[in-house]
Amino acid sequence: MSRKPIIAGNWKMNLLQSEAKALFEGISSYLSNYTAVQLPTVVIAPVFTSINQVHSIACNCGCGGNKLSVAGQNCHWESSGAYTGEISVEMLKDAGCEYVIIGHSERRQYFSETDEMINKKAKAILAGGLIPIICCGETLEQREAGSTDVHIASQIRAALSGISSEDVAKSVIAYEPIWAIGTGKTCDSAEANRVIKMIRSVVSEVAGASAADSIRILYGGSVKPSTIEEQMSQSDIDGALVGGASLKADSFNEIIANTMKVSV
Ligand code: PGA
């Protein structure tokens, strides 16, 4: 089956509202040159305070509201209550989000997120009608010790535990080797493809062949305009989760342009 590619920009903790607006306008005006069919699915994950603004530009930019989707960078699994500093799936949906990034290595590392928490978040996101972008990835030490595949497979099994095949099929996974994030060191495309194929086989084991065929699995970690064509030429890489290069309209738009050269 052909899977529509996704190019997702993770803005992390960057950009004030005015800056987010300017960057988003730079992206949406570029996208207005194309039809939704020509483009990959484009997703932007701004900080919470800019979601609403970014969403309203997406709806009014003349692109018909169907070329740009907004994502939260995190959520809580409970729907409301005494969880100071957290945000629920319903709140993200209310602000215009269609996707939520979960399990990013920065959340696992700095905020002690566990596989169990990520599984609860994935279930809450799917129950709320949004799509989780579930991140996984190994450290340099794990790679050097030869435990990449075991580690990633266990992250994926835990994240997808108890989720129906139908829900797994609509989910998105992002394979992001931690040593490649923000370092400028991109994982070799063939190796990223090998790990992504391995992830797809784990998905097949836990949710069946049809879900494994449908789920979109992205690569993330120092993706740049100069790397995306080779990455998108691989059999199993369905798109990219882009950090640094999504913070400038020129580089993000070029990543989208180069994606369209290879596959959409
Ligand atoms: P990077 O970040 O593209 O800056 O490496 C990717 C990510 O953390 O999602």
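- Between the side chains of S235 and N193, a donor-acceptor pair is found at a separation under 3.5 Å.
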CA sep, side-chain torsions, deciding dist, call: Q109, S105, side-chain hydrogen bond (donor to acceptor under 3.5 Å, both in side chains): CA-CA 6 Å; Q109 183 183 349; S105 63; 5.6 Å; no
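- Closest of all the heavy-atom pairs between A180 and K185 is CB-O, 3.0 Å.
- The hydrophobic clustering, which links ILVMFWY residues whose side-chain heavy atoms are closer than 4.5 Å, places V100 and L126 together.
- Within a 6.0 Å sphere centred on CD of E205, other residues, nucleotides and ligands contribute more than 12 heavy atoms.
- Cluster membership for V223 and L218, using ILVMFWY side-chain heavy atoms within less than 4.5 angstrom, is not shared.
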Carefully, step by step, assess I133 and H104 under the rule side-chain contact (heavy atoms from CB on, under 4.5 Å). CA-CA 9 Å; I133 301 176; H104 191 281; over 6 Å; no
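- Judged purely by atom type and a 3.5 angstrom limit, Y99 has no side-chain atom pairing as donor or acceptor with the backbone of I101.
- Using modelled atom types, no side-chain atom of E176 and backbone atom of G137 make a donor-acceptor pair closer than 3.5 Å.
- With hydrogens and angles disregarded, no donor-acceptor distance shorter than 3.5 Å links the side chain of S161 to the backbone of A158.
- The distance from atom CD1 of I156 to atom CD1 of I173, rounded to the nearest 0.5 Å, is 4.0 Å.
- Going from atom CG of N74 over to atom CD of E86 covers 6.0 Å, rounded to the nearest 0.5 Å.
- The closest side-chain heavy-atom distance from K4 to R216 is below 4.5 Å.
- A salt bridge is defined here as a Lys NZ or Arg NE, NH1 or NH2 lying under 4.0 Å from an Asp or Glu carboxylate O, and D149 with R194 meets this definition.
- With hydrogens and angles ignored, the 3.5 Å screen pairs a side-chain donor or acceptor of Q73 with a backbone N or O of P46.
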Take D236 and Y175, measure what side-chain contact (heavy atoms from CB on, under 4.5 Å) needs, and give me the verdict at the end. CA-CA 11 Å; D236 279 64; Y175 167 56; over 6 Å; no
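- Counting heavy atoms from C-beta on, the side chains of V89 and W77 never come closer than 4.5 Å.
- For the pair N14/V47, no side-chain contact is recorded, criterion being any heavy-atom separation below 4.5 Å from C-beta on.
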Apply side-chain contact (heavy atoms from CB on, under 4.5 Å) to L160 and I134, showing your working. CA-CA 9 Å; L160 300 181; I134 304 164; 3.8 Å; yes
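- A side-chain donor-acceptor contact under 3.5 Å links K123 and N119.
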Applying side-chain contact (heavy atoms from CB on, under 4.5 Å) to I7 and I228, what does each step give before you reach the verdict? CA-CA 10 Å; I7 299 297; I228 191 73; 4.2 Å; yes
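- Between the side chains of Q142 and H151, a donor-acceptor pair is found at a separation under 3.5 Å.
- S80 contributes atom OG, which lies 12.5 Å from atom CD1 of I87 (distance to the nearest 0.5 angstrom).
- Under the 4.5 Å side-chain criterion, counting only non-hydrogen atoms from C-beta, L68 is in contact with F24.
- Put simply, I256 and I237 are part of the same group of oily side chains (I, L, V, M, F, W, Y) that touch within less than 4.5 Å, one to the next.
- Partner of R3 under the side-chain contact (heavy atoms from CB on, under 4.5 Å) criterion, out of I215, D238, I217: D238 alone.
- Salt bridge present: D115 and R108 bring a charged side-chain N and a carboxylate O closer than 4.0 Å.
- Residues V54 and W11 have side chains in contact (heavy-atom distance under 4.5 Å, counting atoms from C-beta outward).
- In plain terms, the two heavy atoms of I118 and G103 that are nearest each other are CD1-CA, 3.5 Å.
- Annotation for C187 and A192: closest pair SG-N, 3.8 Å, computed over non-hydrogen atoms.
- Residues K21 and E25 are paired through a salt bridge, judged by an N-O separation under 4.0 Å between the basic side chain and the carboxylate.
- Annotation: E229, atom CD; neighbour count of heavy atoms from other residues, nucleotides and ligands within 6.0 Å is above 12.
- Looking at heavy atoms from C-beta onward, V172 lies out of side-chain contact with L241 at the 4.5 angstrom threshold.
- From S18, atom OG reaches atom CG of L23 across 11.5 Å, with rounding to the nearest 0.5 Å.
- Proximity of V195 to R143: side-chain heavy atoms (C-beta onward) are separated by under 4.5 Å at one or more points.
- Here S251 contributes atom OG and N258 contributes atom CG; the two are 11.0 Å apart, rounded to the nearest 0.5 Å.
- Between N253 and G26, the shortest heavy-atom contact is ND2-O, 3.2 Å.
- Considering every non-hydrogen atom in both A71 and C97, the closest pair reads C-SG, 3.7 Å.
- Residue V70 forms a side-chain contact (heavy atoms from CB on, under 4.5 Å) with just one option from I44, V43, I51, and that option is I51.
- A single hydrophobic cluster is not seen to contain both W179 and I199; linkage of ILVMFWY side chains at heavy-atom distances under 4.5 Å, directly or through other members, places them apart.
- Annotation: the span from S88 atom OG to E78 atom CD amounts to 10.0 Å, rounded to 0.5 Å.
- Checked by atom type and distance alone, the side chain of K67 pairs as donor or acceptor with a backbone atom of Y34 at under 3.5 Å.
- Side-chain atoms of T186 come within 3.5 Å of backbone atoms of S222 as a donor-acceptor pair (strictly under, hydrogens ignored).
- When atom types are taken as modelled, the side chain of D213 and the backbone of A209 share no donor-acceptor pair closer than 3.5 angstrom.
- Residues N52 and H55 form no side-chain contact, since every pair of their non-hydrogen atoms from C-beta on lies 4.5 Å or further apart.
- When every heavy atom of P177 is checked against every heavy atom of Y219, the shortest pair comes out as CD-CE1, 3.6 Å.
- Under a cut-off of 6.0 angstrom, the local environment of CD in E90 is sparse, with at most 12 non-hydrogen atoms contributed by other residues, nucleotides or ligands.
- In the hydrophobic cluster analysis, where Ile, Leu, Val, Met, Phe, Trp and Tyr join through side-chain heavy atoms closer than 4.5 angstrom, I152 is grouped together with V168.
- K170 NZ: more than 12 foreign heavy atoms inside a 6.0 Å radius.
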